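Numbering starts at 1 and runs along the sequence shown. Since we're looking at a predicted model, the values are computed, not measured.
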Amino acid sequence: MQEKTISEEEQPLGAAEEKGEKIILPEFTEDDLLDMPEMETVRKKIDLFMNDWKTVESEIKQSSLIQVAGLEIAEQTPESLLNQTVLVMEKPFKYHGWELSAEDLDEEAEDLAAESEDEEVEEGENENEEDEEQIKEKKRHMGDTKHFCPVSLKENFVLYPGLYDQAAKYQEKIYYFSTPECRDKFLKNPEEYVAHNKPIQAPPLRVCLIGAHGAGKTICARQVADKLGIFNIQFEEYLQELILPKTKEKVGPHFDEEPEEDDNKMLMLSQELEDFSQAMTKTEKTKKSKQEAKLTPEEEAIKANLMDKDPLPPEVLDNIVLDWWKKEPFRSTGFILDGFPRTSDEVQYLSERGLCPDVVVYIQVEESDVLDRLFPPRLQKWKERQHKKMENIKKLKDLKAKIRDKKIARRREELLAEQQKKEEVRKANKKDFK
């Protein structure tokens, strides 16, 4: 027998590892084969299979009964591959939605005309006045969400009215959509947006209550919220709570009082009194603490809105308003929003974000009624301010008298001390003279 010698290159990896030699594998990408002579046979087999598969695939595609599905197996589990295969196999046997075209509308009109001929319809006076398009609209077989967009309802839990020119048909029913993107999503997977075992759940009641200052919005909102079991959100009060930890007090024209000069004079005079020194140091510390509490840009925008009615930027509204429509517990309970929207920009914001309230209630009252409601408390507040002003004036007079008495007493003590000193000097001189 001839002994077969094994070269160093042909030695197995285990033998090299036993000798303690370092093994360096050739570099290659994950989607490529090793550039080695041993892999040439594998590469040829793969190329042969791909050429044969192209021929087989073209033959299969000629038959309309068989479809070819390519599945990516990278980072996939056997269960996910099985589910994908089942979906591909079931796809030909499912209903497919399609965009509603002019031909569909003509065919629908013919069906409606045939139905009207077969059935005897009693038309009243109101039906005679209705437009032909409205009659067709009533007789159409609408989808589960009727005139509202099913995609907006499913994804955002919002009843967003669909557009007449953005429609699609699925299972002989017509669905309307708010945007072309929503329609494309529906056509891609209609089963995700239609009802199955039970009807689609409608979102809770969302009410916007608007009106002039003093119209009674707050009282009405509380009563409606208690009766319907929904949240009561007072918009301006909510804004106050967001910045109250830093401002330490409510801001706005309804909370700012006019500065009183007498109070400033009283504080200036009180500096000369020891009794008021501690109070002044406390007020200075509180002023410093207020200055140190810097507001963020978002809080500055909220403060400017409360003080000068500056519009809130959309990014600030996103952090406030979106939560009431999309996050719990508001999303499943509903709310009545008191005092929002207030401007056309805020209405435009709600429209752009697709935040549609179910009801918008506008409370309209006469100016005389508003004056009757607001004037008495304002008058009472003015009287209290005047009373406080008179008290401050009295305190100011008392402070002035106290300061004057203190100065007189201090001067008397100084004069007595000088007189006593002179008397001691005189006695000392008299003693020295003797």
Does any donor atom in the side chain of [X] or [Y] lie under 3.5 Å from an acceptor atom in the other side chain?
X	Y	result
Asp318	Tyr349	yes
Glu328	Ser332	yes
Arg342	Asn305	yes

Got a sec: does the [atom1] of [X] have more than 12 other heavy atoms crowding it under 6.0 Å?
X	atom1	answer
Gln364	CD	no
Glu366	CD	no
Ile219	CD1	no
Glu367	CD	no

Min side-chain heavy-atom separation [X]-[Y] under 4.5 Å:
X	Y	answer
Ile393	Met390	yes
Ile200	Leu153	yes
Pro190	Glu192	no
Val158	Cys356	yes
Arg331	Trp325	no
Cys208	Val359	no
Leu209	Leu337	no
Phe186	Tyr170	yes

Kindly determine whether Leu82 and Thr77 satisfy side chain to side chain contact (heavy atoms under 4.5 Å, CB included), including the steps that lead there.
-> CA-CA 9 Å; Leu82 177 61; Thr77 61; over 6 Å; no
All side chain to side chain donor-acceptor pair (under 3.5 Å) counterparts of [X], not counting sequence neighbours:
X	value
Gln166	Arg183
Ser344	none
Lys326	none

Salt bridge [X]-[Y], side-chain N to carboxylate O under 4.0 Å:
X	Y	value
Lys303	Glu249	no
Arg411	Glu414	yes
Glu299	Lys246	yes

Nearest 0.5 angstrom please: [X] [atom1] to [Y] [atom2], how far?
X	Y	atom1	atom2	answer
Leu399	Asn392	CG	CG	10.0 Å
Leu239	Lys250	CG	NZ	12.0 Å
Asn83	Gln76	CG	CD	10.0 Å
Lys154	Gln201	NZ	CD	10.5 Å
Leu242	Leu295	CG	CG	11.5 Å
Glu191	Gln171	CD	CD	6.0 Å

Would a distance-only check, ignoring hydrogens and angles, find a side-chain to backbone donor-acceptor pair under 3.5 Å from [X] to [Y]?
X	Y	result
Gln240	Val251	yes
Asp144	Val194	no
His147	Met142	no
Lys248	Pro245	yes
Thr85	Leu81	yes

Determine, step by step, whether Glu423 and Arg426 satisfy the salt bridge (Lys or Arg N to Asp or Glu O under 4.0 Å) criterion, reporting the C-alpha distance in whole Å, the side-chain angles of both residues, the deciding distance to 0.1 Å, and the verdict.
-> CA-CA 5 Å; Glu423 184 66 20; Arg426 187 180 66 80; 2.3 Å; yes
Please name the pair of heavy atoms, one in [X] and one in [Y], separated by the smallest distance, quoted to 0.1 Å.
X	Y	answer
Ala202	Phe157	O-CZ, 3.8 Å
Cys182	Val151	O-CG2, 3.2 Å
Pro341	Val347	CG-CG2, 3.7 Å
Ile363	Cys220	CD1-SG, 4.1 Å
Ala221	Asn232	CB-OD1, 3.5 Å
Gly216	Arg373	N-NH1, 3.4 Å

Mind checking whether Tyr160 and Phe148 have ring centres under 6.0 Å apart?
->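 No.
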Among Asp338, Ile336, Val361, the one residue meeting side chain to side chain contact (heavy atoms under 4.5 Å, CB included) with Lys217 =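 Per the side chain to side chain contact (heavy atoms under 4.5 Å, CB included) rule, the option paired with Lys217 is Asp338, out of Asp338, Ile336, Val361.
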Apply side chain to side chain contact (heavy atoms under 4.5 Å, CB included) to the pair Leu205 and Leu228, showing each step before the final yes or no.
-> CA-CA 9 Å; Leu205 184 64; Leu228 300 179; 3.5 Å; yes
Start with the C-alpha gap between Lys309 and Glu236, add the side-chain angles, then the distance that decides, and say whether salt bridge (Lys or Arg N to Asp or Glu O under 4.0 Å) holds.
-> CA-CA 11 Å; Lys309 302 300 180 183; Glu236 290 194 1; 3.3 Å; yes
Any pair with a residue in residues 222-242 that passes ring pair (Phe, Tyr, Trp, His ring centres under 6.0 Å), sequence neighbours left out, goes on the list, sorted by first then second residue, please.
->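 Pairs touching residues 222-242 that pass the test: Phe231-Phe330, Phe235-Phe340, Tyr238-Trp324.
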Which residue pairs pass the ring pair (Phe, Tyr, Trp, His ring centres under 6.0 Å) test when at least one of the two sits in residues 360-399, sequence neighbours left out?
->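 Matches after skipping sequence neighbours: none remain.
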Which is it for Leu355 and Val321 under the side chain to side chain contact (heavy atoms under 4.5 Å, CB included) test, yes or no, and what are the steps along the way?
-> CA-CA 9 Å; Leu355 307 177; Val321 180; 4.0 Å; yes
Set of residues satisfying side chain to side chain contact (heavy atoms under 4.5 Å, CB included) with respect to Val316, sequence neighbours excluded |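 Side chain to side chain contact (heavy atoms under 4.5 Å, CB included) list for Val316, sorted by chain: Glu298, Ala301, Ile302, Leu312, Pro313, Ile320.
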Trace of the side chain to side chain contact (heavy atoms under 4.5 Å, CB included) decision for Gln386 with Lys389 = CA-CA 5 Å; Gln386 293 298 318; Lys389 186 176 181 180; 4.3 Å; yes
